[in-house]
Structures are given as C-alpha cells and as structure tokens.
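Just below is one structure, and these are the notes that go with it.
Residue numbers begin at 1 in each chain, while the letters A, B, ... track the order of the sequences. Just so we're clear, the structure is a prediction, and the values are computed from it rather than from any experiment.
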Amino acid sequence: MTQDETITTPLAEELGAGGAQVREGTPGDAVGGRVPRYVARPPDTAAAQALLAAAHRRGLATVVRGNGTASDWGAPPRRCDLVLETAALTGIEHAAGDLVVRVGAGTPLADLQAELAASGQRLTLDPLVAGGTVGGAVATGLSGPRRLLHGPLRDLIIGMTAVRADGVAASSGGRVVKNVAGYDLGKLHTGALGTLGLITSVTFRLHPLPEALRTVSAGAPNPETAQRWTHAVLGSGAVPAAVELDWPETGPLTLRVLLEGAEGGIDARARAVAELMEGSGISEGAPAQWGALPGAAGDTLLKAAVPIGQVAEAARLLHEAAQDQGTTAAVAGSAGAGVLLAALPASAGAASVNGVVRRVRAAVEGGVTVARPAPALADAELDLWGEVPGLELMRAVKLRFDPRGLLAPGRGPGGI
Amino acid sequence: MFDEGEGEPRMPQPLTALIPRLREICGDDGVITDRTRRRTYESDGLTYHASTPGVVVLPTTTDQVAAVVRLCADAGVPFVPRGAGTGLSAGALPHSEGVLIVTSRMRRILEIDVANERAVVQPGVANLEVTRAAAPHGYYYAPDPSSQQVCSVGGNIAENSGGAHCLKYGFTVNHVLGLEIVTPQGEVVRLGGKAADAPGYDLLGAFVGSEGTLGIATEITVRLLRAPQKVRTLLAAFETMDAGGAAVSAIISAGVLPAAVEMMDALSIEAAEAAVACDYPPGAGAVLIVELDGPAADVDAQFERATRLCRESGAFEVRTADDAAERARIWKGRKSAFAAVGRISPAYIVQDGVVPRTALPDVLRRIAELSAASGIRVANVFHAGDGNLHPLVLFDDAEPGASERAAEVSGRILDLCIEHGGSITGEHGVGVDKACQMPEMFSPADLETMDLFRSAFDPAGIANPEKLLPTPRLCGERPGVRKGVHPLVAEGAAEQF
Ligand SMILES: Cc1cc2nc3c(=O)[nH]c(=O)nc-3n(C[C@H](O)[C@H](O)[C@H](O)COP(=O)(O)OP(=O)(O)OC[C@H]3O[C@@H](n4cnc5c(N)ncnc54)[C@H](O)[C@@H]3O)c2cc1C
C-alpha cells in the first residue's frame with residue numbers, strides 16, 4: 001500500500017491507532033456484494049486487538065480476510081463495514097523434533113508446506129483451495145480425503161490464539177500434542193468462518209512426509225459398488241490414508257484409494273487393495289488435482305456429511321436431485337469418512353439449490369449444507385443450513401464472544 | 001479443605017425439599033440419602049479430596065437425568081456428574097450441598113453399527129465393554145486408558161482420556177462423533193451423530209474434555225476401528241535415560257509412528273522387578289517399549305528400522321515379541337510399575353505433566369537434580385512418544401514434613417513442564433486438583449474467555465462448580481497424595497497408566 005492511499009478521517013485514525021494500516025474499501029474488497037468502508041491490515045496481534053476493540057466501540061461489522069480465496073463461503077455477511085486483512089500476521093515457528101509448528105494466521109498454506117517439506121514433514125491437509133492462508137483454512141474448517149487416516153483439520157490443531165470481538169486475545173491448548181488443560185476453544189473457531197473471533201495464530205501437530213505413496217484407482221459402475229469397495233478396503237486392514245470418490249457431472253465414477261507408508265511394504269499393500277476393486281490400476285504417488293474441490297470457482301458448493309454406509313445414497317441423490325432440478329452436480333469427497341462435496345453450476349438458481357439440499361436432507365442422516373453459494377445467489381433466499389442441532393447453544397456462545405454481533409454477522413450457523 | 005472431619009455430615013436444608021421429587025423421578029432405589037452410603041461417593045480416584053455429597057441419584061434414562069438437572073436448575077442447587085469415579089483430578093468430587101448424578105445404571109450398549117463403523121452407548125458403559133462388544137465383528141474402540149476395565153465412556157468424554165496408544169490413535173475427542181447431552185438448564189441436546197462434521201460450531205469437540213462443567217453426556221456415538229493386521233512389540237534396554245531418550249527421538253524423526261512408546265527408569269524397573277519379576281535386562285538404566293501396529297507389510301518394514309535405531313542409540317539388549325503371550329511378558333513390568341512403586345514406598349504422589357518430546361532429556365535430568373537436592377525419590381514411568389510424564393514422587397508419610405517436601409517436588413516438576421512449553425496435564429485433567437495451576441499456563445484473558453464459554457452452557461454456574469477453572473476459594477490446595485497401591489489396582493481391576 002502506498003502512502004497516498006492511506007486515509008486519515010477520525011474513524012480511520014481510531015482504527016489505525018494500534019498500528020494497523022487503514023485504507024478505504026473498494027469494490028474489489030466487497031464481500032458478498034457488500035463494499036466495506038475500510039480495509040485494515042494489522043501488523044501484529046497487538047495491533048489487531050486495538051483494531052478490533054476500536055471496531056467494537058464504533059459498532060463496525062467486521063469481516064476477516066486471509067487471501068480472500070474463501071470469502072464467498074457461508075452466507076454473505078449482512079453488513080460489512082470493515083475488512084480485516086490477516087496478510088501481515090505471518091510467521092512460522094517450526095519445532096521439527098517435536099513435529100509441531102506454530103503459524104501466524106496470514107501465512108500462506110503453501111509457504112508453510114514448503115518450509116515443513118524441507119524438514120521432511122507436512123501439515124496433513126489436502127490442498128482443497130489453492131492460494132489460501134492458514135487462518136482461512138482453519139476458519140473454513142474443510143478437510144480433504146486424507147482426513148480418513150489423519151483426522152479432520154480440527155484434530156491436527158493443538159493450540160490457538162484468537163482475538164474476541166472486543167479485542168481481547170485469548171489462547172487455548174498449547175504446544176504439546178497431549179494436553180487436556182482447559183477448554184479447547186480452538187475447536188469452536190475451527191469452521192466458524194470468522195464469526196467468533198479473529199484467529200491470529202494456530203499450532204498444529206505434523207506428520208512426517210510418507211516415504212512412499214500409491215494410488216489404487218478403479219472406475220465403478222455405480223455409487224453402490226464404490227461404497228462396497230470402500231467398505232471392503234476399510235475392512236481389509238490395509239489402512240488407507242484416503243478413499244476418495246469422484247463423480248463428475250457426466251461420465252464414470254472413480255474410486256481412488258491412497259496408501260502411504262514405508263517403501264518396503266507399500267507394493268504388497270497396494271496389490272491387496274487392488275484385488276478388492278475390480279478393474280483397478282495402481283500408480284505411484286497421488287494423482288494430480290488430488291483432493292481439489294469439485295466443479296469450478298463460482299459454482300455453488302454443497303457439503304453432505306453422512307454416515308459412511310449412506311455415501312452411495314447421498315452421491316446418487318445429489319446427482320439425481322440436480323437433474324430433476326434441471327441442473328447437474330459434480331460430486332467428490334471422502335467416501336471413507338462420509339464427507340462429500342457437490343458443485344452445482346453457477347447457473348443453478350436458488351430454487352434448484354434448495355430443491356437439491358432438501359431432497360438429500362430428507363433421505364440421509366447427517367448434515368447437508370450449502371458451503372459456498374454462487375456469487376449470483378449472495379442475496380437469494382437460500383436454505384443454507386437446514387436444521388442445526390444445538391443452535392441455541394451456538395447462539396449462546398456467539399453472544400458471549402461477540403455480544404454485539406459484529407463479526408461477519410449472518411455468516412454463522414443458522415444465520416447467527 | 002473439603003474434608004468434613006469427624007462430624008457426621010447432615011443433609012443440607014434446600015436439598016431435603018428436593019428428595020421427594022428426586023424419588024419420583026429416579027424411583028426409591030435411584031436416590032441415596034443414607035449418610036453411610038452417600039459417603040462411599042465422597043471422592044474419586046484422587047482420594048485426598050473428599051466431600052460427602054448432599055444426595056446421590058442413580059438415573060437410568062436421559063429423561064431422568066434431564067428431570068433431575070431441571071430440578072437442580074429451578075432450585076439453584078449444584079450438581080456433579082460422576083461415572084465410575086476413577087478420575088485422578090477430583091473432577092467428580094461431590095458438592096456437599098449438591099446432587100451427585102451417577103451414571104452407573106446407564107450401562108447399555110445401544111448399538112454396534114458395523115456398516116457405519118459406530119457404536120452407540122450409554123455413558124455408564126465401561127470403556128472396555130465397547131471393545132468387547134465390537135470384537136466379534138473385528139472392530140475395537142481405540143482410546144484405551146489403563147483404567148479401561150472400569151472407567152466409563154461418559155467419564156472418558158469428560159476427561160478426553162487417552163491411553164498408551166494415543167500417540168498414534170489420538171484421544172477420546174478424535175473418536176467421538178455424536179453426543180446427546182443434558183445441558184445445565186436441563187435440556188436435551190444432540191451434538192453430531194453417526195456422520196462427521198455436524199453443521200455449525202463444533203460444540204461436540206469443545207464438550208469433550210469439559211470435565212462435567214457443561215452438562216452430562218447421556219448417549220455417546222463413537223467410531224470403531226478395524227483391529228490391526230499385525231502388532232509387533234520390542235523392548236530395548238539402555239544404560240542411561242539419555243540413551244533411551246535419544247532412541248525415541250531417532251525413531252520419531254525417522255518417520256516411524258509407533259502405536260506406543262513407553263519408558264521406565266532404573267527406580268521403576270527395580271520396583272517392577274521386585275513386584276512381578278518382569279525379568280527385564282539386568283543393569284538397565286532405562287527400558288523402552290515400542291509397539292507398532294498396522295498393515296503387516298508396513299509393520300515389518302518399520303519394525304526393522306525401529307530395532308536398528310534402538311541399537312544405534314546404544315541399546316545393549318533388544319527383545320521382540322510377535323504374539324500376544326510374548327507381548328504380555330514385555331508389557332508386564334510396565335503395566336505393574338505404578339503398583340510396584342506403591343510397594344516400595346509408604347506413600348506417593350502421581351504427577352501428570354507434558355513436555356515437548358525434545359525437552360524430555362533435559363527435564364528428566366532436572367527432575368533427577370530436584371530429587372537429589374530434596375532427598376525425595378522420584379520414579380519415572382511415562383508415555384515417551386508424546387512427552388507425557390507420570391513422575392511418582394515417593395515419600396514416607398510417617399516422617400514429619402515429608403509429605404510437604406514431596407508436594408513441593410511434585411509442584412516443581414509441573415513448573416518444569418510449564419517452563420519447557422508443556423502442559424500441567426496430559427490426561428488426568430484439571431478438576432479441583434490443578435485448578436490453581438491453570439494461571440501458570442493461561443493468562444487472565446485466556447481464563448476469562450474460557451469462563452465465557454462455560455457460562456454460555458451454564459449461566460447459573462451449577463454444573464460441577466469449582467472445577468477446571470481457578471476460584472479464589474480453591475487456591476492453596478496441594479496436589480493429591482496417594483498411599484500404597486491404588487484400590488483398583490490392588491483389586492486387579494485396573495492397571496495404572
Ligand atoms: C488406575 C488408574 C489408571 C488410569 N489410567 C488412565 C489412563 O491411562 N489415561 C487416562 O486418560 N486416564 C487414566 N485414569 C484416569 C481416569 O480413569 C479417567 O479420567 C477416566 O476417563 C475417568 O472416567 P470415570 O468414569 O471414572 O469418571 P469420573 O471419575 O466418575 O468422573 C471424571 C469427570 O467426568 C465427569 N463425568 C463423568 N461422567 C460424565 C458424563 N456422563 N457427562 C459429563 N461429565 C461426566 C465428572 O464430573 C468428572 O469431572 C486412570 C485412573 C486410575 C484410577
């Protein structure tokens with residue numbers, strides 16, 4: 001940012017008093033079509049605290065932005081007066097011997113992975129969205145197919161610091177993998193889409209990069225067969241890192257089983273898995289585009305988290321319901337963990353989207369939500385959440401952490 | 001502070017009014033008012049803290065739990081959940097003017113759902129019963145606290161319990177998909193279910209480990225895992241703890257992820273030898289137990305590597321086990337170590353602290369120095385893979401001042417953990433016992449934020465009050481002192497740690 005872009009109105013001054021750079025919002029900064037009055041970039045946690053405290057005093061609705069790759073996730077905020085950019089909240093403290101890393105929220109995920117890889121380690125998170133920051137990934141809370149073996153993102157987080165709406169910074173957890181002291185508040189912020197606080201740093205447990213990788217893939221004639229294979233593979237003791245289902249709008253369905261492990265044992269394991277999947281082939285490494293979201297940017301993205309025995313039904317219904325609504329669905333996700341994503345083209349209107357989610361919700365257990373509405377649907381009447389069990393308790397938590405409802409108002413569960 | 005001394009505790013007034021209602025809800029046999037019987041619930045596994053509960057209820061259904069809690073909420077009476085009472089941080093310490101809600105009659109396994117790899121259980125079900133019920137289908141429930149024969153799944157939820165195998169498989173929180181809870185206002189709420197990623201805030205994840213302060217878990221859905229194809233175990237003997245520690249680091253940095261890595265020092269080996277003749281290699285200053293499990297081909301490859309790394313780090317003897325009987329021989333000394341130490345010392349304190357694994361050698365040296373300087377013996381038996389120390393601080397409680405000195409040493413060990421960036425508890429929880437140490441790990445703002453979260457569930461502050469977060473009244477408490485062998489261990493109902 002150059003000097004002349006910096007503005008000096010009294011409010012902007014107040015926002016920047018703690019050291020944050022403040023500028024006027026532009027249409028390019030819009031979140032869900034709302035152009036913020038200000039965009040501020042705090043250089044460190046202390047400045048972020050001062051900034052949030054000032055926004056709180058002044059009643060400014062604040063939306064946190066990492067690299068903006070997931071700004072369109074969740075419902076668009078009802079108001080957006082201030083965009084808080086985390087870009088300068090960077091830093092990596094890697095304790096390689098402990099397989100632990102503490103990272104500033106604004107650090108690009110790719111930078112983190114590159115640094116970890118230099119020590120033969122990784123944060124086991126599939127790169128679902130390219131270009132994202134660590135804080136953005138955590139706030140979005142999405143995990144890829146490798147969650148099957150290593151757990152969803154939330155299980156990899158061992159400590160977190162977040163700033164509440166009133167500017168108070170609070171940490172929970174710690175820097176050791178085993179720790180049961182205090183409430184694990186990091187769980188609340190993971191997937192909260194920035195509605196409970198600004199995540200400033202996250203501590204993760206890491207894994208060594210696997211020595212060897214194999215992918216066993218096969219085209220399945222239908223989702224039921226894919227589910228049967230999944231069950232067989234999980235039951236075989238092969239311990240796959242991921243079982244991923246990929247079913248584009250048209251064309252065949254593919255099931256991919258990713259194996260990770262010691263060089264000495266991997267081929268035997270791959271062969272054993274291949275025997276369980278008719279017509280399968282084995283390849284080295286992970287396929288290109290591994291774990292990437294289905295569809296294209298700008299599509300509406302649905303998430304269906306179901307019991308693993310209902311994966312086939314959910315996948316089939318997503319396809320069928322989309323067709324019945326005059327659109328299409330590309331389905332991909334973790335058949336092993338029971339979490340599918342479906343992309344409906346941007347052309348699908350609100351009625352179609354609602355029709356699809358309601359039909360799937362009615363048929364399967366679990367949660368079927370609109371994770372990312374297409375931009376054109378920002379202000380449409382979308383049934384994003386369905387029924388959210390525990391919503392009253394969620395409201396109570398939101399009320400404690402953000403009593404004035406200023407953090408991305410409306411983006412939270414059930415429109416909190 | 002909590003001991004009521006010699007006088008017979010009487011039932012407090014506000015509670016007497018509740019009794020008829022409690023009987024209506026739980027039935028006559030579900031309400032205990034008799035003083036002697038109430039006293040049997042006065043403490044959990046940390047017997048140093050004791051307090052006779054005002055009244056004890058033994059509900060059998062969620063509706064009963066909810067009705068009891070609503071009654072408490074209406075009357076402003078505190079309640080304390082209790083499972084099997086094996087907790088080691090006085091989390092289930094009763095409230096003398098409150099209702100102790102015991103889940104011991106909620107012991108049904110509701111469902112073993114093989115197709116979805118889930119089990120649905122009531123909270124009073126013992127941890128090991130889940131595995132027993134799943135085993136015929138080739139599955140098991142991974143979290144395996146040493147108290148697993150008796151401790152309840154509800155208690156595991158509350159404490160986020162781990163076990164020897166949590167290095168690889170994680171803690172309770174990583175295996176729970178769904179909960180039905182009764183909130184401190186008496187409402188029944190479902191969080192999650194058989195599917196992962198319930199929509200909205202992860203209240204389920206935050207409830208696990210909340211030590212009974214956010215309500216009572218009345219139904220629990222857990223993940224079942226396939227029993228591993230192969231398990232191999234090795235025991236390596238080293239001359240020094242430093243060499244053993246180096247082997248642990250070498251194994252982990254080589255990218256090997258064992259299911260368990262356990263370590264014992266000379267004093268605990270000596271005690272185990274005396275107690276159960278475990279026949280560990282003579283002259284060992286440290287023994288390491290490394291267990292690997294998983295796909296057979298993978299386990300074999302990793303096992304060779306782990307064995308080699310132990311030798312390269314100075315192991316003078318390595319024994320391996322490939323079947324259950326040999327494995328049991330290797331584990332025998334380790335599993336009996338705590339009970340064994342109970343025999344060589346009139347009394348001891350069990351500490352539970354965590355340090356980053358790389359800090360282990362330094363912290364162990366500092367503990368040895370502390371021990372030498374104070375004349376208080378410390379035996380180390382611990383989960384080396386994740387840096388979870390369980391130092392046993394030995395003393396003779398007949399000797400004047402010894403218990404104070406032991407408590408001092410035990411407290412200093414926790415300080416060491418904090419100084420090294422670790423935690424005041426890896427698995428036993430905060431409860432009453434460590435509430436006063438929370439400010440050493442967390443800032444006032446951290447604690448205030450945790451309290452905000454608590455009040456979202458429990459605005460009236462009636463759910464297990466005075467636990468987990470520090471209160472002025474609590475401070476000054478000493479960590480718990482245990483005499484002899486833990487009763488559960490003596491009964492053979494539990495192994496320690
Ligand atoms: C010999 C021995 C060995 C042990 N080994 C281990 C070990 O290896 N790893 C480990 O992690 N721990 C271990 N422990 C500690 C203890 O067994 C665990 O913390 C266990 O989870 C407690 O379960 P419980 O049913 O006994 O709970 P309790 O002691 O009855 O209660 C513990 C806490 O849980 C709350 N609570 C109980 N039930 C519920 C419910 N349904 N809903 C909400 N809150 C509830 C109580 O209020 C209390 O705060 C050991 C203890 C002993 C005595």
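At a 4.5 Å heavy-atom cutoff, the contact between A:V177 and chain B is made by backbone and side-chain atoms alike. If you measure heavy-atom distances from B:F442 to chain A, the contacts under 4.5 Å come from the side chain alone. No part of B:P228 comes within reach of chain A, as not one of its non-hydrogen atoms sits under 4.5 angstrom from that chain. Both the backbone and the side chain of B:F453 come within less than 4.5 Å of a heavy atom of chain A. For B:L167, the part lying under 4.5 angstrom from a heavy atom of chain A is the backbone only. Only the side chain of A:L185 comes within less than 4.5 Å of a heavy atom of chain B; its backbone N, CA, C and O stay farther away. Heavy atoms of A:A96 lying under 4.5 Å from chain B are absent altogether. With a 4.5 Å cut-off on non-hydrogen atoms, B:S89 does not touch chain A at all. For A:V397, the parts lying under 4.5 angstrom from a heavy atom of chain B are both the backbone and the side chain. The part of B:I181 that comes within reach of chain A is its side chain, from C-beta onward, which places non-hydrogen atoms under 4.5 angstrom from that chain. Neither the backbone nor the side chain of A:Q121 comes within less than 4.5 Å of any heavy atom of chain B. Contact annotation for B:L191: only side-chain heavy atoms (C-beta onward) come within less than 4.5 Å of a heavy atom of chain A. The part of A:A337 that comes within reach of chain B is its backbone (N, CA, C, O), which places non-hydrogen atoms under 4.5 angstrom from that chain. With a threshold of 4.5 angstrom between heavy atoms, A:P389 approaches chain B through its backbone and through its side chain. If you measure heavy-atom distances from B:E304 to chain A, you find no contacts under 4.5 Å at all. Using a 4.5 Å cut-off between heavy atoms, B:A115 contacts chain A through its backbone alone, with no side-chain atom that close. Looking at B:F207, there are no atoms closer than 4.5 Å to chain A (heavy atoms on both sides), in backbone or side chain. A:A268 touches chain B through its side chain: at least one heavy atom from C-beta onward sits under 4.5 Å away, while N, CA, C and O do not. Within the 4.5 angstrom heavy-atom criterion, only backbone atoms of A:S236 (N, CA, C, O) approach chain B. For a residue to count as touching a neighbouring chain, one of its non-hydrogen atoms must lie under 4.5 Å from one of that chain's; by this rule B:S249 does not touch chain A. For a residue to count as touching a neighbouring chain, one of its non-hydrogen atoms must lie under 4.5 Å from one of that chain's; by this rule A:R147 touches chain B with the side chain only. When heavy atoms are compared at a cutoff of 4.5 Å, A:L234 approaches chain B by way of both its backbone and its side chain. Heavy-atom distances place the side chain of B:R305, and not its backbone, under 4.5 Å from chain A. Heavy-atom distances place the side chain of B:M441, and not its backbone, under 4.5 Å from chain A. At a 4.5 Å heavy-atom cutoff, the contact between B:D386 and chain A is made by backbone and side-chain atoms alike.
When each of B:P459, B:G421, B:G209 is scored by its heavy-atom pairs under 4.5 Å with chain A, the top score falls to B:G421. Ranked by heavy-atom pairs under 4.5 Å with chain B, the first of A:V100, A:V311, A:T195 is A:T195. When A:T369, A:T190, A:L99, A:L196 are compared by the number of non-hydrogen pairs under 4.5 Å with chain B, A:L196 comes out ahead. Among B:M450, B:R118, B:K194, the residue making the largest number of heavy-atom pairs under 4.5 Å with chain A is B:M450. Ranked by heavy-atom pairs shorter than 4.5 Å toward chain A, the options B:G205, B:G255, B:G193 are led by B:G205. Across A:V388, A:V306, A:V168, A:D184, the residue that shares the most heavy-atom pairs under 4.5 angstrom with chain B is A:V306. Contact count versus chain B (heavy atoms, under 4.5 Å) is highest, among A:P307, A:A305, A:G265, for A:P307. The candidate with the highest count of non-hydrogen atom pairs below 4.5 Å against chain B, out of A:G174, A:A262, A:P208, A:G74, is A:A262. Here A:V176 is the residue among A:T161, A:V176, A:V368 with the most heavy-atom pairs under 4.5 Å with chain B. Among B:C166, B:G200, B:S443, B:A445, the residue with the largest count of heavy-atom pairs under 4.5 Å with chain A is B:G200. Interface summary for chain A: among B:T213, B:N174, B:I252, the most heavy-atom pairs under 4.5 angstrom belong to B:N174.
Put simply, CG on A:D155 and CZ on B:F171 are 10.0 Å apart, with the number rounded to the nearest 0.5 Å. Taking CD from A:E260 and CG from B:D298, the interatomic distance works out to 10.5 Å, rounded to the nearest 0.5 Å. Taken from CD in B:E187 to CG in A:L393, the straight-line distance is 8.0 Å, to the nearest 0.5 Å.
Counting heavy-atom neighbours within 6.0 Å of A:R122 CZ, excluding the residue itself, gives a total above 12. Other residues, nucleotides and ligands contribute more than 12 heavy atoms inside 6.0 Å of the CZ atom of A:R214.
Looking at A:R400 and B:D451, no side-chain N of the basic residue comes within less than 4.0 Å of a carboxylate O on the acidic one, giving no salt bridge.
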A:V239/B:R226 under side chain to side chain contact (heavy atoms under 4.5 Å, CB included): CA gap, chis, key distance, verdict:
CA-CA 9 Å; A:V239 194; B:R226 263 280 156 174; over 6 Å; no
Please lay out, stage by stage, how B:T449 and A:Y183 fare under the test side-chain hydrogen bond (donor to acceptor under 3.5 Å, both in side chains).
CA-CA 10 Å; B:T449 307; A:Y183 297 119; over 6 Å; no
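A distance-only check finds a donor-acceptor pair linking the side chain of B:D446 to the backbone of A:S171 [under 3.5 Å]. Under the 3.5 Å distance criterion, the side-chain polar atoms of B:R357 are matched with a main-chain donor or acceptor of A:G97.
Between B:Y201 and A:A192, the closest heavy-atom pair is CE2-CB, 3.6 Å. Considering all non-hydrogen atoms of both residues, B:P356 and A:D98 come closest at CB-OD2, 3.3 Å. For the pair A:A181 and B:V430, the tightest heavy-atom approach, listed with the atom from each and the gap, is CA-CG2, 3.9 Å. Between A:K178 and B:S423 the shortest heavy-atom distance is O-CB, 4.4 Å. When all heavy atoms of A:G264 and B:A301 are compared, the pair lying nearest together is CA-CB, 4.3 Å. Minimum interatomic distance between B:A297 and A:R269 (heavy atoms only, all atoms of both residues): CB-CG, 4.4 Å.
Checked options B:V208, B:D202, B:L203; the residue passing with A:K187 is B:D202 (criterion: side-chain contact (heavy atoms from CB on, under 4.5 Å)).
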